[in-house]
*Asks:* 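Structure below; questions to follow.
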Amino acid sequence: MIGNVRRFEPFGQAPIRVIDDDGRWVAPFACDLDEARLRAIYRDMRRARRFDERLSTLQRQGKVSFVASAAGHEATQVGAAHALDAGRDWTFPYYRDLALALALGWPLAEALAQQMASRIDPARGRQMPAHPGSAALRIFTTASAIASHVPPAVGSAMAQKLAGRGDVTLCSFGDGATSEGDWHAALNLAGAQGAPAVFLCQNNGYAISVAFRHQSGSADVATKAHAYGMPGYRVDGMDPLAAYYVTRQAVEHAREGLGPALIEALVYRYGPHSNADDDGRYRPADEVAAWRRRDPIARYRRYLEGRGLWDDAAEAALAAEVKAEIDDAVRANEAAGRAPLGWMFDDVFADLPPHLRRQRDELAAAHELERDGH
Amino acid sequence: MIGNVRRFEPFGQAPIRVIDDDGRWVAPFACDLDEARLRAIYRDMRRARRFDERLSTLQRQGKVSFVASAAGHEATQVGAAHALDAGRDWTFPYYRDLALALALGWPLAEALAQQMASRIDPARGRQMPAHPGSAALRIFTTASAIASHVPPAVGSAMAQKLAGRGDVTLCSFGDGATSEGDWHAALNLAGAQGAPAVFLCQNNGYAISVAFRHQSGSADVATKAHAYGMPGYRVDGMDPLAAYYVTRQAVEHAREGLGPALIEALVYRYGPHSNADDDGRYRPADEVAAWRRRDPIARYRRYLEGRGLWDDAAEAALAAEVKAEIDDAVRANEAAGRAPLGWMFDDVFADLPPHLRRQRDELAAAHELERDGH
Amino acid sequence: MAAQTIVQTVARTLAEEMARDERVVLLGEDVGKRGGVFLATEGLFDRFGPDRVIDTPLSEAAIIGAAIGMAVHGMRPVAEIQFADYVFPGFDQLVSQAAKLRYRSGGGFSAPMVVRMPAGGGVAGGHHHSQNPESHFVHTPGLQVVYPSTPGDTRGLLRSAVRGDDPVVFMEPKRLYRAVKEELPDDDATIPIGRARLRREGDDVVLISYGASMAETLKAADALAAQGVSADVIDLRSLLPWDQDLVLERVARVGRVVVISEAPRTLSFASEVAATIAEEALDLLEAPPARVTGFDVPYPYAQDRAYLPGPDRILRAVQRVLDY
Amino acid sequence: MAAQTIVQTVARTLAEEMARDERVVLLGEDVGKRGGVFLATEGLFDRFGPDRVIDTPLSEAAIIGAAIGMAVHGMRPVAEIQFADYVFPGFDQLVSQAAKLRYRSGGGFSAPMVVRMPAGGGVAGGHHHSQNPESHFVHTPGLQVVYPSTPGDTRGLLRSAVRGDDPVVFMEPKRLYRAVKEELPDDDATIPIGRARLRREGDDVVLISYGASMAETLKAADALAAQGVSADVIDLRSLLPWDQDLVLERVARVGRVVVISEAPRTLSFASEVAATIAEEALDLLEAPPARVTGFDVPYPYAQDRAYLPGPDRILRAVQRVLDY
Ligand SMILES: Cc1ncc(C[n+]2csc(CCOP(=O)(O)OP(=O)(O)O)c2C)c(N)n1
Ligand SMILES: Cc1ncc(C[n+]2csc(CCOP(=O)(O)OP(=O)(O)O)c2C)c(N)n1
Ligand SMILES: [Mg+2]
Ligand SMILES: [Mg+2]
């Protein structure tokens with residue numbers, strides 16, 4: 001544990017790195033992660049990338065209606081996930097956080113169920129794809145409305161502070177989210193209350209087509225932490241260990257009652273905003289290519305290989321394992337079929353009120369409604 | 001003109017002062033204001049204070065329903081007003097900005113008409129007291145909803161930038177306003193657009209009963225400017241010349257296309273939040289007394305007296321003049337009578353739509369409606 | 001127990017709920033030391049301390065959003081919006097988060113919370129201290145909406161709201177805060193959300209209203225009684241769900257109905273009631289269902305009282321309905 | 001001129017208005033280089049440059065608020081909200097500022113501006129990309145509200161909206177963006193806000209709808225025609241002000257009416273239409289005014305199409321009304 005040693009100072013100019021682009025350790029402290037953890041970070045990135053790729057295929061096949069790829073964001077998402085105590089701490093993700101949710105333990109079949117709105121989706125097919133959530137894992141179900149989850153995340157952290165058990169809340173969002181009023185209201189409240197919240201901004205330089213310089217009055221996101229009396233850290237978001245160690249410091253400080261922090265991770269989204277986007281309209285191909293060359297998976301693999309923790313055989317085994325897992329998930333969800341019509345009226349309220357009972361009957365008269373005992 | 005000489009550096013620790021508590025000039029530059037201007041600043045503060053006192057009397061007499069006193073805020077409001085080119089620049093005030101509006105030229109009788117909702121109120125009695133506004137003077141009519149005027153103020157500044165005539169927008173608000181999401185959205189937009197806006201926060205330490213440390217994650221307001229890429233200045237708000245010179249610098253920089261600025265003026269409200277408030281519940285009497293001892297009117301008078309620009313005779317003449325002006329205004333508004341019922345349906349839209357015509361007839365059937373050709 | 005006003009009832013009921021259940025916390029602007037600008041939380045800060053009575057920054061989004069997050073953790077937050085007019089900066093939190101949380105998570109998460117807000121005009125407040133925004137909540141599936149008009153209903157419904165499992169918008173008739181007093185029995189009874197109350201029984205016309213307008217409606221009923229017209233008076237109390245059964249039953253009996261709401265007419269709750277009556281009870285109507293409402297203008301200041309659907313306007317509508 | 005879709009009409013009309021009047025500027029998320037996520041501003045950035053086609057930060061409050069400030073300066077801003085579902089963070093700017101500015105200033109200031117937003121479901125968007133929030137605007141005095149369903153109406157009404165002196169919420173039926181094509185005459189005609197359009201004439205039942213639901217309504221009318229039932233079809237186009245005269249005239253003629261709206265039923269615009277008909281034309285009704293609407297649930301994803309008031313549900317309602 002880092003404890004109350006502060007390894008990283010806020011508001012530095014250069015992004016914090018732990019390994020460089022060639023996978024060499026460059027931090028001024030020794031690695032204290034065991035080999036299993038180091039490998040797990042790799043596996044989580046790789047698995048998320050493969051799943052992401054498969055989702056694009058499923059989208060093209062018409063089996064999934066929408067994809068918002070996390071490719072390029074994996075290092076940050078997976079690094080941050082490993083800094084949390086999954087199942088104890090709370091996470092408030094956004095739509096691009098598939099790798100984060102998977103790394104926290106969201107079962108891949110369940111994740112796919114959400115994308116396919118299948119009958120085995122615990123969220124019951126209520127939302128379009130790319131909306132992670134899990135009550136069991138304390139992953140607050142994603143809403144599409146940008147930044148709207150940030151005030152609830154602060155409420156979560158306030159509840160944790162009142163409970164006094166040292167739990168924390170991680171809230172994740174993109175650079176565009178920092179422009180919304182709710183984002184500000186939430187961070188200010190967290191600052192005023194000293195709530196144990198860690199705010200993680202995945203700054204990929206664009207909100208759809210709008211470049212960060214048109215998005216923000218400040219030149220970077222970390223600086224904005226000044227406004228809330230909390231430390232702000234800029235991190236090389238293509239370095240999973242930088243994301244891990246900085247998040248860990250923020251989490252541990254929050255656990256100890258030292259208040260919230262804002263982390264800005266510099267990442268890039270390799271693909272368009274979503275399958276519905278055409279990024280050629282607003283960003284140059286060479287910019288994309290340059291970032292792809294810094295791919296965190298290859299970079300981190302070099303680090304592991306340098307330490308003798310990874311090789312081609314391990315890679316091949318992992319590829320086969322992940323492929324099988326995804327294939328199984330696709331089969332299971334196709335077999336389950338789509339969430340039935342009758343579910344439309346459940347979960348609006350704890351109990352079905354009379355007017356919704358009547359409306360359900362109205363729909364039932366027009367369709368054969370399937371229901372379950374849920 | 002200060003031109004592009006920058007006299008004041010942003011983000012300093014100590015509040016900027018030009019004269020000290022005893023009225024001695026302490027700034028590292030010479031006063032460049034002529035005597036008429038120096039006297040006008042005094043007169044504007046004194047007149048606003050007297051009018052404010054009279055409004056409280058009128059409120060107790062039942063002639064005005066509500067008072068939100070500006071006493072203690074005059075130095076900042078008047079100093080800022082004198083740094084603007086009244087009638088050319090735009091001002092977006094809040095409800096406590098009576099002294100600001102008067103110093104910009106809002107006729108006192110018109111101001112009283114607003115408070116009394118009399119028939120000679122150009123705003124036609126539509127709002128409760130303490131809502132300055134004047135189309136002729138480019139003072140955007142106040143809305144009660146805190147911070148809701150800040151995004152429109154930025155739109156105003158963007159329009160000015162597009163027009164390219166060097167006009168600026170001053171937007172004024174309290175410390176509490178800085179917590180609202182709209183405040184953030186607006187300042188961020190101003191920063192991203194480099195809009196010629198000057199944001200003036202009158203930090204009196206409280207939003208009704210909530211002390212600033214519960215209000216804000218940051219320890220002061222000026223710091224928040226970091227988040228928007230603009231300079232933030234902390235000013236002794238009981239010093240009219242500090243308010244004047246700092247606002248002037250910000251205004252001139254904005255005119256020159258150097259973008260927006262945030263000014264935090266440290267002030268105090270002497271009275272309760274409004275006549276409906278009981279400030280004894282949340283702030284100690286000795287705190288109020290300590291601030292009252294720093295009264296800007298007495299302090300600035302000492303400065304003027306030191307320069308031989310003011311004396312008891314001038315004071316007596318001013319008192320008589322202001323009293324007569326207020327008395328006349330009260331008489332005129334009482335004579336005019338209250339805004340008539342029939343005005344209720346005007347100005348919802350440019351033209352009266354059919355459904356409002358029917359509703360007006362409905363009311364007319366119940367009352368004798370008075371109308372004018374407006 | 002001595003007779004108490006509505007605003008005293010709010011404070012007392014909150015105190016009882018907080019004592020009963022430590023998961024209940026309050027948050028809002030000035031709810032702490034100040035006791036709320038209407039004193040609806042008076043004394044609670046001293047009694048329960050700053051951890052359970054939280055003065056927030058001036059942000060309705062922060063207030064409602066934080067309440068959602070606390071509710072997700074199993075707490076029972078009661079948020080105060082200082083005036084209903086100021087709910088809009090926090091409206092997205094209600095619409096996009098609170099109202100849809102249970103649904104979007106398939107029941108995995110929920111937001112049992114109460115958002116209290118004083119509403120209504122007649123207080124010389126102009127258009128930012130007088131509005132009745134209930135339509136916006138009623139039209140948002142996933143929210144329950146309550147708007148009582150007496151101390152007893154306030155207590156019973158506030159208990160239900162705090163103890164219930166759904167987000168409840170709890171509107172309070174600020175014009176009546178100190179205008180009505182009631183001696184309340186020393187019990188722990190709740191009033192179910194969704195049930196209306198018959199305030200008067202009559203045979204000539206049914207008057208339906210809720211919240212602040214109940215006072216004007218009852219005055220109109222008194223005036224009618226003096227003229228020998230007997231009015232049935234329904235106090236809806238809950239707007240979502242609302243008591244269609246009682247309304248349709250009484251309208252079927254009497255055949256003439258006037259619906260009173262202080263909100264602007266177009267899409268006021270009176271429109272919903274009238275549309276429902278027309279749809280479900282057309283043949284039983286002896287006259288068109290009449291709406292008496294606020295006008296479709298921003299709430300004015302100088303004409304504060306004339307804006308309100310006062311007894312005069314209600315009586316004129318009743319006359320029309322009776323003469324039909 | 002070749003036939004064009006609704007979304008093409010939006011882009012072309014904006015271009016014409018910008019060419020005609022240099023006070024017209026566009027602002028919103030991704031309206032610049034990207035041309036809008038639906039391409040409703042395609043080509044305009046290249047043609048008019050970054051001063052007149054402004055990519056804003058991701059804040060609906062900033063977008064609407066900035067438009068208000070520009071409008072006050074005499075400009076004619078057209079703001080885009082990327083999806084109608086995302087108007088809520090900027091809703092307070094509409095309610096507290098835009099809608100009340102002319103009123104509160106006694107006519108001293110006004111906010112002539114347009115807030116465009118694609119709305120409606122049936123696009124596999126789940127509950128944050130499908131909603132129909134028009135009731136919230138219609139219930140806000142001071143706003144005009146428009147929701148056309150054809151290229152021609154889009155053009156004529158958008159011209160009126162841009163040239164008018166009041167803030168207009170301009171809703172666009174995204175499901176129909178590319179589904180309907182129309183060849184438009186080369187004129188400069190406007191369509192006045194507040195006037196409905198008779199899309200079909202018939203004698204057996206009046207169908208009233210607007211916006212995205214017009215497609216389903218016309219399909220239902222076709223199916224009825226095939227069954228020998230002739231339907232009058234009114235496309236409201238404007239929701240505030242709305243054309244009560246045409247509605248009451250047609251309902252008086254036919255006596256049977258079904259109102260279709262995609263919004264959640266309770267306090268949908270269908271409620272207002274039904275209430276008005278009941279109030280003004282009770283004796284002319286041969287059957288209760290029926291509402292066919294979205295359900296009172298958050299817009300679902302898996303049941304996207306079943307949520308919509310489709311032709312089936314409209315036909316069932318017509319049958320009920322005819323059999324009455
Ligand atoms: C309140 C709101 N407004 C607009 C949108 C439409 N929208 C979806 S994603 C997006 C861009 C978000 O950018 P960013 O926060 O940087 O995240 P990224 O997609 O780059 O990871 C926008 C404008 C939305 N979802 N919510
Ligand atoms: C959106 C909104 N929420 C709440 C209120 C109620 N209210 C009126 S004044 C006020 C405090 C404002 O404090 P501050 O901004 O510091 O200004 P001051 O009165 O201290 O000058 C509050 C909460 C309001 N007017 N608008
Ligand atoms: Mg981004
Ligand atoms: Mg203050």
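Each chain gets a letter, A, B and so on, in the order the sequences are listed, and its residues count up from 1. Please read these numbers as outputs of a predicted model, since none were measured by experiment.
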*Asks:* Give the member of A:N188, A:V150, A:V154, A:L189 that has the highest number of heavy-atom pairs under 4.5 Å with chain C.
*Replies:* A:L189
*Asks:* Please flag which part of A:F140 lies under 4.5 Å from any non-hydrogen atom of chain C: side chain, backbone, both or neither.
*Replies:* both
*Asks:* Do the non-hydrogen side-chain atoms of C:Q93 and A:P152 ever get within less than 4.5 Å of each other?
*Replies:* yes
*Asks:* Using a 4.5 Å heavy-atom cutoff, which residues in residues 75-91 of chain C come close to chain A?
*Replies:* C:M75, C:P89
*Asks:* I'd like to know which of A:D121, A:L356, A:V348 tops the heavy-atom pair count under 4.5 Å against chain C.
*Replies:* A:V348
*Asks:* If I measure from the heavy atoms of chain C, does A:H184 come under 4.5 Å with its side chain, its backbone, both, or neither?
*Replies:* neither
*Asks:* Counting only heavy atoms from other residues, nucleotides and ligands, does the tally under 6.0 Å from CD of C:E22 exceed 12?
*Replies:* no
*Asks:* Can you establish whether the number of heavy atoms outside A:D351 located under 6.0 Å from its atom CG is more than 12?
*Replies:* no
*Asks:* What option among A:P353, A:A123, A:A159 has the most heavy-atom pairs under 4.5 Å with chain C?
*Replies:* A:A123
*Asks:* Does the C:D166 side chain pair with the main chain of A:A350, one donor and one acceptor, at a distance under 3.5 Å?
*Replies:* yes
*Asks:* Where on C:S105 is there a heavy atom nearer than 4.5 Å to chain A: the side chain, the backbone, both, or neither?
*Replies:* both
*Asks:* Taking every non-hydrogen pair under 4.5 Å, which of C:V72, C:V25, C:I68, C:D245 racks up the most with chain A?
*Replies:* C:V72
*Asks:* Do the side chains of C:Q144 and A:F349 get nearer than 4.5 Å, heavy atoms only?
*Replies:* yes
*Asks:* Considering only heavy atoms from C-beta outward, does the side chain of A:D346 approach that of C:Y103 to under 4.5 Å?
*Replies:* no
*Asks:* Which bit of A:A153 is near chain C, if near means a heavy-atom gap under 4.5 Å: side chain, backbone, both or neither?
*Replies:* neither
*Asks:* Name the member of A:G133, A:S148, A:G125, A:P354 that forms the most heavy-atom pairs with chain C at distances under 4.5 Å.
*Replies:* A:S148
*Asks:* Just wondering, do A:P151 and C:I64 contact through their side chains at under 4.5 Å, heavy atoms?
*Replies:* no
*Asks:* Based on non-hydrogen pairs under 4.5 Å, which of C:H73, C:E60, C:K100 is most in contact with chain A?
*Replies:* C:H73
*Asks:* Quick one: what part of A:S134 sits under 4.5 Å from any heavy atom of chain C, side chain, backbone, both or neither?
*Replies:* backbone
*Asks:* Could you have a look at C:D92, C:I63, C:L143 and say which one has the most heavy-atom pairs with chain A under 4.5 angstrom?
*Replies:* C:L143
*Asks:* Heavy atoms, side chains only, cut-off 4.5 Å: are C:F109 and A:I139 in contact?
*Replies:* no
*Asks:* For atom CZ of C:R163, is the number of surrounding heavy atoms from other residues, nucleotides or ligands below 6.0 Å larger than 12?
*Replies:* yes
*Asks:* Going through the checks in order, is the ring pair (Phe, Tyr, Trp, His ring centres under 6.0 Å) test met by C:W242 and A:H355?
*Replies:* CA-CA 9 Å; C:W242 65 282; A:H355 68 288; 9.1 Å; no
*Asks:* With a 4.5 Å limit on heavy-atom distance, are the side chains of C:Q97 and A:H149 in contact?
*Replies:* yes
*Asks:* Tell me which of these, C:I193, C:D165, C:L101, has more heavy-atom pairs under 4.5 Å with chain A than the rest.
*Replies:* C:L101
*Asks:* Measure A:Q114 against the heavy atoms of chain C and call it side chain, backbone, both or neither at under 4.5 Å.
*Replies:* neither
*Asks:* For A:M344, is it the side chain, the backbone, both, or neither that has a heavy atom closer than 4.5 Å to a heavy atom of chain C?
*Replies:* both
*Asks:* Side chain, backbone, both or neither: which part of A:L162 has a non-hydrogen atom closer than 4.5 Å to chain C?
*Replies:* side chain
*Asks:* Measuring only between side-chain heavy atoms, which start at C-beta, is C:M70 closer than 4.5 Å to A:S156?
*Replies:* no
*Asks:* If I take atom CZ from residue A:R126 and atom CZ from residue C:R104, how far apart are they, to the nearest 0.5 angstrom?
*Replies:* 12.0 Å
*Asks:* Heavy-atom pairs under 4.5 Å with chain A: which of C:G142, C:G108, C:P241 has the most?
*Replies:* C:G142
*Asks:* Report, by ascending residue number, the residues of residues 50-59 of chain C in heavy-atom contact with chain A at a distance under 4.5 Å; give 'none' if the set is empty.
*Replies:* C:D51, C:I54, C:D55, C:P57, C:S59
*Asks:* Determine whether A:R358 and C:Q244 make a side-chain contact, defined as any pair of heavy atoms from C-beta on separated by less than 4.5 Å.
*Replies:* yes
